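In what follows, a structure is listed as structure tokens, so that the remarks can point back to it.
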2 protein chains.
Amino acid sequence: MQATWIWFPGDFELWLSAIVQNRRVERGQCNPPFWRLDRPAQIVVFEKHFDLADPDTVTISAQGECMAVIDDQPTAARVITLATGPHHILLRVYNPDTFPAVHVQGRHIVSDRAWTAGKQNGQCVPADAWDFTAPDQPPAAYRLPTTPQAAVTTSAGADGHSLTVDFGQETFGYLQLHRVTGSGALTAWYGESAEEAAATTQAETWDTFHFTNAAAADLTSPHSRACRFVKLTWDAPLTVGDVSMLHEFLPVPHRGAFRCDDAELNRIWATAARTLHLSSREFFLDGIKRDRWVWSGDACQSYLMNYYLFFDNALVKRTTWALRGNDPVEQHINTILDYSFYWFIGIHDYYQHTADRAFLAQLYPKMVTLMDFCLARRNANGLVEGRPDDWVFIDWAPMAKTGELSFEQILLCRSLETMTLSARLMGDAAGERRYRALADDLRRAIISIFWDDQPGALSHHRVNGHRHRAITKYANIFALSYGYLDAAQAAAVKTNVLLNPDVQPITTPYMRFYELDALCRVRQHHHVLQEIKAYWGGMLRHGATSFWETYDPAETGAQHYAMYGRPYGKSLCHAWGASPLYLLGKHYLGVTPATPGYQTCRVEPHLGGLEWMEGTVPTPDGDITLRVTRDQITVDTAGGDGGVLIIHSATAPASTDGVIRPTAPGEYALTLRPRHRHTVNYQAAG
Amino acid sequence: MQATWIWFPGDFELWLSAIVQNRRVERGQCNPPFWRLDRPAQIVVFEKHFDLADPDTVTISAQGECMAVIDDQPTAARVITLATGPHHILLRVYNPDTFPAVHVQGRHIVSDRAWTAGKQNGQCVPADAWDFTAPDQPPAAYRLPTTPQAAVTTSAGADGHSLTVDFGQETFGYLQLHRVTGSGALTAWYGESAEEAAATTQAETWDTFHFTNAAAADLTSPHSRACRFVKLTWDAPLTVGDVSMLHEFLPVPHRGAFRCDDAELNRIWATAARTLHLSSREFFLDGIKRDRWVWSGDACQSYLMNYYLFFDNALVKRTTWALRGNDPVEQHINTILDYSFYWFIGIHDYYQHTADRAFLAQLYPKMVTLMDFCLARRNANGLVEGRPDDWVFIDWAPMAKTGELSFEQILLCRSLETMTLSARLMGDAAGERRYRALADDLRRAIISIFWDDQPGALSHHRVNGHRHRAITKYANIFALSYGYLDAAQAAAVKTNVLLNPDVQPITTPYMRFYELDALCRVRQHHHVLQEIKAYWGGMLRHGATSFWETYDPAETGAQHYAMYGRPYGKSLCHAWGASPLYLLGKHYLGVTPATPGYQTCRVEPHLGGLEWMEGTVPTPDGDITLRVTRDQITVDTAGGDGGVLIIHSATAPASTDGVIRPTAPGEYALTLRPRHRHTVNYQAAG
């Protein structure tokens with residue numbers, strides 16, 4: 001049997017996320033996260049009892065200093081032969097630098113998740129592991145791979161001691177200088193835009209390198225940076241031969257795909273895939289130039305996009321661990337009220353897509369303590385509102401944030417539903433009853449407190465018992481998506497809010513994600529497709545090679561790059577900009593898990609005005625591939641138990657791959673078999 | 001003004017104590033502590049608001065990566081000029097390796113305890129500092145000093161490739177090899193006894209060094225070890241020139257002193273001083289060979305000895321921080337029920353000797369949460385008893401440890417009294433009322449539950465409501481010392497327990513500390529002096545150069561060195577062996593603080609059968625020095641408000657330094673003035 005390195009659950013992620021998130025550097029100094037960033041335990045005890053049918057020889061490797069106690073006897077040996085019979089191995093590992101981990105390899109005895117790990121606080125839990133199997137490659141040696149990337153163009157400056165390189169598109173990695181000769185300083189000014197690199201000291205990031213008597217020296221920067229352009233300026237005595245990039249990336253294939261007859265939409269999808277891939281690294285980062293941090297609200301969207309591109313569970317799990325940190329909970333995740341709730345919602349979505357009970361079991365105690373914290377901070381009315389230390393975010397947009405915000409109650413309610421589901425799966429019947437009652441009560445309270453019959457929408461907030469008339473899109477979008485509205489309320493919200501130009505429009509890709517998702521839920525596929533082309537296409541027309549943190553079509557030129565009062569403060573490669581991946585996969589290819597982990601799937605394609613589309617959606621047990629024209633749908637299913645294809649057709653569809661039954665006017669269903677190609681002839685409506 | 005390095009309170013100690021306590025190595029492998037050992041925060045924010053009357057230029061130094069934000073503007077500059085007027089400096093420091101700290105030096109603006117420090121958990125507290133003032137010497141550079149120490153004898157082995165060195169007495173430091181030539185391995189086998197070093201692989205500690213083509217090489221071991229003897233064995237091709245020690249020590253003067261006409265007692269005092277000094281290092285350690293850990297019960301005694309030798313407050317504070325760790329409290333300190341209580345008692349004693357309110361203010365929140373933990377673990381009768389994860393220690397001796405132990409209730413009661421005092425000093429009136437009521441109730445319960453009128457003593461324990469008749473010394477000693485017994489009960493305990501040879505005798509210096517302390521409280525100074533000479537003199541007669549972890553006069557030869565089933569498992573330099581320092585200073589020189597911090601002192605000398613004695617007891621405001629013969633007492637007082645000299649005399653004493661008043665038959669009092677020599681002629685009784 002193959003041993004794996006094991007550690008206390010979460011320690012690998014705490015260690016790695018501190019390194020990753022503290023790489024943020026801006027205008028010449030570091031910028032550490034402003035929330036509590038927890039650390040692994042420095043001493044962990046790993047233990048297991050074995051009963052050997054044959055003698056075995058084990059080799060112990062440790063990340064840190066290790067005390068081995070075999071059958072209650074300390075031993076300094078690291079290769080140990082054990083006789084037939086019962087044995088107990090205890091390994092106490094001290095590591096103040098990274099985190100304690102062990103690797104034990106015998107024929108029968110191997111370190112794996114069946115060992116326990118304890119932080120010496122009276123509790124032991126099953127150890128965690130990933131795919132680190134080599135004893136000489138401990139988990140703290142983990143690094144993302146790199147690959148050389150050449151510049152597309154290199155332009156020498158007129159002054160003779162500067163040049164500008166263009167890598168052709170947004171990239172990330174370590175700048176490489178080749179054949180540098182002489183003595184002096186060289187500064188690399190990075191730019192996500194040509195303007196930013198050219199602005200030198202106004203750029204967000206730069207690196208200065210010093211050379212002494214260099215003779216055709218090669219140098220790789222120790223610092224990873226995000227850029228498309230780099231301007232180099234140097235002291236006159238230096239000469240520079242060439243410049244390239246050592247591109248660093250997460251080695252994960254694009255299992256998801258989308259292609260259609262609209263070339264712009266194809267470019268949008270490809271650019272979204274590039275944007276998500278660049279910001280999917282050790283963790284899901286918000287942006288690769290800025291913040292380079294792990295934000296719960298951003299991550300929650302990245303997870304959903306991930307299910308339509310990589311289906312990388314390990315990355316979702318790493319990010320979930322990194323966000324949560326250790327007990328005691330003293331503040332909201334990222335200090336943001338909404339972001340604690342998105343953490344729960346991300347777990348809900350993860351379970352729906354993966355059915356990974358084992359991860360829920362690891363997390364459940366930390367879910368309980370975070371929910372305890374959230375519930376303890378409710379006001380006398382049983383509702384959450386921002387406390388002095390809380391950041392109430394919702395979105396980058398002008399809005400009132402005082403009092404009881406309907407939006408925050410809806411996110412808490414969804415979090416309570418996640419707890420109900422998790423408690424049920426963990427066999428915690430008392431917890432399930434409690435969370436269900438809390439969720440039911442809160443769902444009723446949301447409608448009774450915030451629903452305004454004139455005009456028929458959820459109000460934005462209530463302050464000191466007074467419900468304000470102001471309406472914003474946020475709460476209405478989420479209430480609709482989570483099914484908290486009845487049919488009449490949903491119809492009212494569609495008309496009065498979603499399609500009402502008088503309600504303050506959303507200008508961040510962040511909330512456009514949920515807005516367009518909701519519009520698709522109310523069958524606005526044509527409209528949403530045009531919105532995607534206008535909004536994301538707009539960025540492409542401005543030269544974007546990855547999608548931005550915010551985008552206001554009304555701005556022009558370098559106005560697009562400014563944010564936070566700085567000319568190049570905006571992130572031009574921001575994960576939440578990649579939502580077309582999710583929208584096109586979920587609502588146009590129309591593939592979703594009908595039961596957790598895609599045990600059964602639901603496929604409901606919508607062309608939304610396209611002539612044809614084809615694509616792939618990954619599942620835990622293979623890919624689902626579709627090709628959809630206006631008169632034929634072909635679905636290749638993955639494993640599992642099959643599922644259902646929903647067909648919107650002007651005429652009764654026909655297929656030799658199963659019986660098609662009508663389900664509603666113009667709507668038909670075909671039962672899908674696993675690992676089978678289904679071809680349906682139909683006639684697209686509209 | 002001089003700036004100091006500042007950090008989050010406790011971080012320096014958490015960082016340092018992990019390093020120190022993880023230096024324990026035995027029989028070839030590390031031996032990390034088996035309790036949770038907390039870490040500093042990796043990100044700390046330091047802040048202060050200033051209002052400058054003149055412009056100032058500040059230089060910022062950081063231990064870690066620092067983000068400076070001056071008046072809400074991030075700045076990468078580290079030398080910054082600020083104009084007249086209000087300013088706000090915020091420094092966010094990330095340090096995953098040691099701990100975050102900053103040093104800010106201007107003319108007016110300096111980093112000091114007036115800054116706040118926060119762990120980004122919603123709370124800020126005053127920063128802490130020690131005596132690190134140089135910007136280029138950050139606190140993580142802290143190391144104890146060393147000094148060369150030559151061997152007293154060096155004996156070459158008959159085999160030509162071994163030798164044994166004797167440093168003459170117990171020492172601690174880094175072995176140094178001089179003029180090593182050739183290639184091969186050399187092992188140094190350390191021994192606190194000659195037998196241990198000679199036993200090579202049976203020794204507790206050793207180091208192996210490898211040489212390749214060495215040509216008169218000098219080597220200093222990277223590992224500090226405790227020993228008196230070292231046996232070196234090496235591969236034949238090597239030759240070794242000389243061996244010495246780089247002795248490592250805490251640079252603290254011996255302010256306390258004791259000398260008398262009994263040469264053995266003088267040697268005991270000197271050996272106790274050596275024992276305490278060797279084990280007083282970065283922290284008060286239990287022993288320097290083993291465990292090299294910080295144990296609360298051991299530390300509590302070291303604190304009291306410290307007040308009669310070094311009066312090193314910083315060392316007490318460092319140890320108190322190191323023991324406590326971070327919230328949440330999940331187990332007792334060192335996992336031992338009694339050791340949580342000794343932590344409180346050590347703070348009580350610290351305040352009595354120093355009146356250091358500032359330290360209490362730093363600690364108070366952590367005192368409250370540890371007491372919350374202790375109180376939450378009481379049983380239905382409101383009493384503490386060992387839970388499955390708790391170690392109930394009391395002493396190394398056979399005794400029952402099940403059920404409600406009278407000893408543990410007494411320590412909890414004293415801890416509650418410490419909380420009452422601390423709450424009062426912190427102005428926490430509600431806390432004071434609560435803790436006082438809890439202490440009062442518990443004091444009454446202890447007597448009503450455990451006092452046995454036949455024979456008149458506290459019982460050892462109650463199990464399932466049944467008080468057992470068994471009597472041990474522990475509870476009786478502590479109840480007597482803490483004043484929980486009335487006069488009749490105290491007299492009964494003296495006769496039935498303290499002086500009763502049928503009660504199981506105490507054989508560790510650890511509990512002898514409290515036993516002899518109690519015997520002095522009931523005026524058994526002659527008896528205790530003979531006990532000290534017999535017990536500690538016994539170790540000296542066995543060749544001890546420092547005092548041991550345990551001592552059984554009935555054992556012979558190398559039996560004295562065995563413990564834990566290992567022939568040299570016993571620690572031969574154990575802090576708790578140094579109690580004569582405390583006993584002679586407190587009960588013979590008789591100097592104690594009458595009010596906290598020696599604002600007033602009480603001096604009550606007892607010759608205990610000696611012809612004369614002289615000595616010094618340190619106080620926060622200078623030393624108190626005595627010379628006592630059978631007919632004259634001379635006292636030189638320190639600062640403060642003076643105090644009182646209690647004279648036991650067969651005749652009325654006489655002095656020209658004040659009015660002497662009788663206070664009891666054969667007892668007189670002289671009011672002491674500060675910084676004054678008082679001479680009293682009297683006649684020693686008995």
Side-chain angles (χ1 to χ4, degrees), chain A residues 14-15 18-19 21-45 62 64-69 74-78 90 92-98 100 118-123 325-332 335 387-390 566, chain B residues 14-15 18-19 21-45 62 64-69 74-78 90 92-98 100 118-123 325-332 335 369 387-390:
Chain A
L14 289 179
W15 162 76
I19 293 172
Q21 296 190 80
N22 280 288
R23 287 185 187 140
R24 178 175 179 179
V25 173
E26 281 167 18
R27 294 170 304 291
Q29 69 172 348
C30 67
N31 195 339
F34 55 81
W35 53 83
R36 201 186 82 189
L37 211 57
D38 289 329
R39 313 179 69 168
Q42 58 187 339
I43 304 177
V44 172
V45 176
E65 294 180 54
C66 176
M67 180 191 196
V69 181
T75 173
R78 291 298 174 258
L90 180 152
R92 174 172 285 119
V93 181
Y94 166 60
N95 187 331
D97 300 319
T98 60
K119 289 181 168 186
Q120 307 203 127
N121 63 351
Q123 296 154 26
N326 292 331
D327 285 333
V329 181
E330 296 173 307
Q331 289 196 311
H332 284 293
T335 77
R387 294 203 179 191
D389 276 341
D390 297 342
R566 308 195 304 261
Chain B
L14 289 179
W15 162 76
I19 294 172
Q21 297 190 81
N22 280 289
R23 287 185 187 140
R24 178 176 179 179
V25 173
E26 281 167 16
R27 295 171 304 290
Q29 69 172 346
C30 67
N31 194 338
F34 54 81
W35 52 85
R36 201 187 82 188
L37 212 57
D38 289 329
R39 314 180 70 168
Q42 59 187 341
I43 303 177
V44 172
V45 176
E65 294 179 54
C66 176
M67 179 192 195
V69 182
T75 173
R78 291 298 173 257
L90 180 151
R92 175 172 283 118
V93 181
Y94 166 61
N95 187 330
D97 301 320
T98 60
K119 288 181 168 186
Q120 307 202 127
N121 63 350
Q123 296 153 27
N326 291 332
D327 284 334
V329 181
E330 295 173 307
Q331 289 197 310
H332 284 293
T335 76
T369 47
R387 294 204 179 189
D389 276 340
D390 297 342

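Bear in mind that the values here come from a model prediction, so they are computed numbers and not experimental data. When reading the values below, keep in mind they use all heavy atoms of this one structure, side chains included, and skip hydrogens, waters and symmetry mates. Residue numbers start from 1 in every chain, and the chains themselves are labelled A, B, ... in the order their sequence lines are given, proteins ahead of strands.
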For the residue pair A:Met67 and B:Pro32, what are the closest heavy atoms and their distance?
CB-CD, 3.8 Å
From CG (B:Leu90) to CZ (A:Phe34), nearest 0.5 Å
12.0 Å
Checking heavy atoms, do the side chain of B:Ala18, its backbone, both or neither come under 4.5 Å from chain A?
both
Can you list the steps and then say if A:Gln120 with A:Arg92 is a side-chain contact (heavy atoms from CB on, under 4.5 Å)?
CA-CA 10 Å; A:Gln120 307 203 127; A:Arg92 174 172 285 119; 2.7 Å; yes
Does any backbone or side-chain atom of B:Asn31 lie under 4.5 Å from a heavy atom of chain A? Answer side chain, backbone, both or neither.
both
Under a 4.5 Å cut-off applied to non-hydrogen side-chain atoms, are B:Tyr94 and A:Arg24 in contact?
no
Most contacts with chain B, counted as non-hydrogen pairs under 4.5 angstrom, among A:Arg36, A:Arg27, A:Glu65, A:Gln42
A:Gln42
Would B:Glu330 and A:Lys119 pass as an ion pair if we require N to O under 4.0 Å?
no
Closest-packed option against chain A by number of heavy-atom pairs under 4.5 Å, given B:Ile19, B:Asp389, B:Asn121, B:Ile43
B:Asn121
With a 4.5 Å heavy-atom cut-off, do B:Pro74 and A:Glu26 have their side chains touching?
no
Given that the side chain runs from C-beta out, which part of B:Pro100 has a heavy atom under 4.5 Å from chain A: side chain, backbone, both or neither?
neither
Under a 4.5 Å heavy-atom cut-off, does chain A meet the side chain of B:Leu37, its backbone, both or neither?
both
So for B:Pro388, is it side chain, backbone, both, or neither that comes closer than 4.5 Å to the heavy atoms of chain A?
neither
Less than 4.5 Å to any heavy atom of chain A: does that hold for the side chain of B:Thr335, its backbone, both, or neither?
neither
Please identify, among A:Gly118, A:Pro328, A:Ala76, the residue contributing the most non-hydrogen atom pairs under 4.5 Å to chain B.
A:Ala76
Looking only at A:Gly122, A:Ala77, A:Gly28, most heavy-atom pairs under 4.5 Å shared with chain B are made by A:Gly122
Please flag which part of B:Asn326 lies under 4.5 Å from any non-hydrogen atom of chain A: side chain, backbone, both or neither.
neither
With sequence neighbours excluded, residues passing side chain to side chain donor-acceptor pair (under 3.5 Å) with A:Arg387
none
